[in-house]
Amino acid sequence: MKPFRFTLESVHRLRKEAVDRANDQLAREMLLLRREKQNLQRIEERMEQARVGFREAVTSGEQSQLIVQLRQFMVSLEQERKTRRTTFEAHQARVDACQKVVIAARRKLEIIEKIKSKRLAEYECDKSSREQKELDDLLVQGHSREMNLNYA
């Protein structure tokens, strides 16, 4: 009997590659998301430091020009934070989309793998059946020879 050959092996390989590509893209997007999250955290830390400095300047009665500069700095940090937040949300949306692509690719691969395992099971069953039939034929032939010898 011929060895098992899955006729959809090329489809199986393509679907595996699609899962690998989707996982790679997800990893890249997650790395960018993590970097953007770190950038956002750094901005928020700088904003907190600026707030503390602004409060100290106001309570200690510093020069109004220094207070104005600190206030402008805080406004620029807030603007940068908004920009970073928007970028972060865009990266988060891309990560979510990549996760959906990975899930869809895995489902398609699972379908092919189920078909492959079903066909392999059918092949094994057929192989076992044929082997059993050959053994039965050999037993019948041996038994009929024995009977022929007894009558001769």
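Being a predicted model, the structure only gives us computed values, none of them experimental. Values below: every heavy atom of this structure, side chains too, minus hydrogens, waters and symmetry copies.
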Residues Leu70 and Gly53: closest non-hydrogen pair is CD1-O, 3.8 Å
No-hydrogen, no-angle side-chain donor-acceptor test under 3.5 Å, Glu45 and Gln41: no
Heavy-atom neighbours of Met47 CE exceed 12 at 6.0 Å: yes
Can you list the steps and then say if Val101 with Gln99 is a side chain to side chain contact (heavy atoms under 4.5 Å, CB included)? CA-CA 5 Å; Val101 169; Gln99 287 173 334; over 6 Å; no
To check you understand the geometry: which heavy-atom pair defines the closest contact between Ile43 and Arg84, and what is its length? CG1-CG, 4.3 Å
Can you find a pair of side-chain heavy atoms, one from Glu78 and one from Thr83, that are under 4.5 Å apart? no
Can you hop from Leu26 to Leu109 via hydrophobic side chains spaced under 4.5 Å? no
Gap between atom OG of Ser76 and atom CZ of Arg46 - 0.5 Å precision: 7.5 Å
Working to the nearest 0.5 Å, report the span between CD of Glu134 and CG of Asp136. 10.0 Å
How long is the gap from CZ on Arg106 to NZ on Lys16, to the nearest 0.5 Å? 13.5 Å
Between Arg51 and Glu48, is there a salt bridge with N-O shorter than 4.0 Å? yes
Flag the pair Ser10 / Arg13 as yes when at least one side-chain heavy-atom distance between them is below 4.5 Å, and no otherwise. yes
Can you find a side-chain donor-acceptor pair between Gln25 and Arg28 that sits under 3.5 Å? yes
Hydrophobic clustering (ILVMFWY, side-chain heavy atoms < 4.5 Å, transitive) - are Met74 and Val58 grouped together? yes
Sole residue of Glu44, Glu36, Glu80 in salt bridge (charged side-chain N to carboxylate O under 4.0 Å, His left out) with Arg85: Glu44
How many angstroms lie between OG in Ser117 and CD in Glu122, if you round to the nearest 0.5 Å? 9.5 Å
Could you name each residue pair satisfying ring pair (Phe, Tyr, Trp, His ring centres under 6.0 Å) that touches residues 6-33, not counting sequence neighbours? none
Quick check on the hydrophobic clustering: are Val11 and Leu120 connected, directly or via other members, by side-chain heavy-atom contacts under 4.5 Å? yes
Is Leu8 reachable from Tyr123 through a run of hydrophobic residues whose side-chain heavy atoms are each under 4.5 Å from the next? yes
Got a second to check how far Lys2's NZ is from Lys127's NZ, nearest 0.5 Å? 14.0 Å
Could you work out, with salt bridge (Lys or Arg N to Asp or Glu O under 4.0 Å) as the rule, every residue matching Asp96, not counting sequence neighbours? none
Out of curiosity, does Ile112 fall in the hydrophobic cluster containing Val102 (side-chain heavy atoms, cut-off under 4.5 Å, transitive links)? no
Looking at Leu33, Leu31, Leu32, which hits side-chain contact (heavy atoms from CB on, under 4.5 Å) with Glu29? Leu32
With sequence neighbours left out, write down each residue that passes side-chain hydrogen bond (donor to acceptor under 3.5 Å, both in side chains) with Glu124, or none if nothing qualifies. none
Do the side-chain N and O atoms of Asp137 and Gln141 include a donor-acceptor pair separated by under 3.5 angstrom? no
From Glu89 atom CD to Leu40 atom CG, the distance as rounded to the nearest 0.5 Å: 9.0 Å
Before accepting this row, confirm whether a basic side-chain N of the pair Glu113/Lys116 lies closer than 4.0 Å to the acidic partner's carboxylate O. no
With heavy-atom distances below 4.5 Å as the criterion, would you say the side chains of Lys114 and Ile111 are in contact? no
